[in-house]
Structure formats: C-alpha cells, structure tokens
Amino acid sequence: MDGIALLTITVLAVFVGFEVVSKVSSTLHTPLMSGANAIHGIILVGAIIVAGQAADPWVLAVALLAVVLATANLVGGFVVTDRMLHMFHAKKDPVKAGAQPKAGSR
C-alpha cells in the first residue's frame, strides 16, 4: 500500500473509534477500559517485536516511539481503571476506623 492509502485508513479509524467510544454510556466505561487495556498490551508486545526486528534506523525510531506511547497508554489505562473502581468502594465509617479507646476503658 502506498502512503496515502495508509493515511486514509488511519484517519478513518480515528473517526470511527471516536464515534464508537463517545456513544458508550458512563456505566460501561470501566469494562470498556479493561478490554482496551488488554488490547494495548497486545499492541505493546507487537511494538516490541517490531523494534527487535528493525533493520533501518528510522524503522527502529518509529518502533521505539510506538513502544513508549503504547506503554504510556497501557499504564494510563490501568490508572484510570483503578481510580474508577475506587469510586465504587464502600466508604468506611470514620468513627469505627480511627476510634481510640477512652482513657478509663480497657
């Protein structure tokens, strides 16, 4: 494929991805993020394989950039998922959690 065809496919994929993700309800974001993290892990492995087999310096540079971006995306996805899951934890009662025994009781 020539460069224009690859650029066209990339632009169309960005538009389709944006439309699909923007239509997801907020209750489905955590499961969607978990699935996206699995996909990003596969992308990271693929980028590492390409970087390991790169013969040209520019291919190696692009592959290493892909590794860095995929790693940042993967770690960021896990951080966001963790923060979202913490929103659903039951809040602890501050009186019971940090209560000190009274001076005269045993």
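Computed over heavy atoms, backbone and side chain alike; hydrogens, waters and symmetry mates excluded. This chain uses plain numbering: 1 for the first residue, then up along the sequence. Fair warning: this is a prediction, and the values are worked out from it, not measured in the lab.
Among residues at least two apart or in separate chains, there is no salt bridge (charged side-chain N to carboxylate O under 4.0 Å, His left out) pair with a member in residues 77-87. Applying the side-chain hydrogen bond (donor to acceptor under 3.5 Å, both in side chains) test to pairs two or more places apart or on separate chains, none has a residue in residues 45-55. Applying the ring pair (Phe, Tyr, Trp, His ring centres under 6.0 Å) rule to pairs touching residues 68-87 yields His86-His89, sequence neighbours excluded. Listed by first then second residue, pairs satisfying salt bridge (charged side-chain N to carboxylate O under 4.0 Å, His left out) with a partner in residues 4-23 read Glu19-Lys23, not counting sequence neighbours. For residues 65-80, every residue pair satisfying the side-chain hydrogen bond (donor to acceptor under 3.5 Å, both in side chains) rule, not counting sequence neighbours, is listed here: His40-Asn73.
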Which donor-acceptor pairs under 3.5 Å do side chains of residues 57-67 form with protein atoms, sequence neighbours excluded?
none

For residues 9-17, which side-chain N or O atoms pair as donor and acceptor with protein atoms under 3.5 Å away, sequence neighbours left out?
| residue | atom | partner | partner atom | Å |
| --- | --- | --- | --- | --- |
| Thr10 | OG1 | Leu6 | O | 2.9 |

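Chaining together hydrophobic side chains whose heavy atoms lie under 4.5 Å apart places Val45 alongside Ile49. Here Ile39 is tied into one hydrophobic group with Ile43, each link being a pair of ILVMFWY side chains closer than 4.5 Å.
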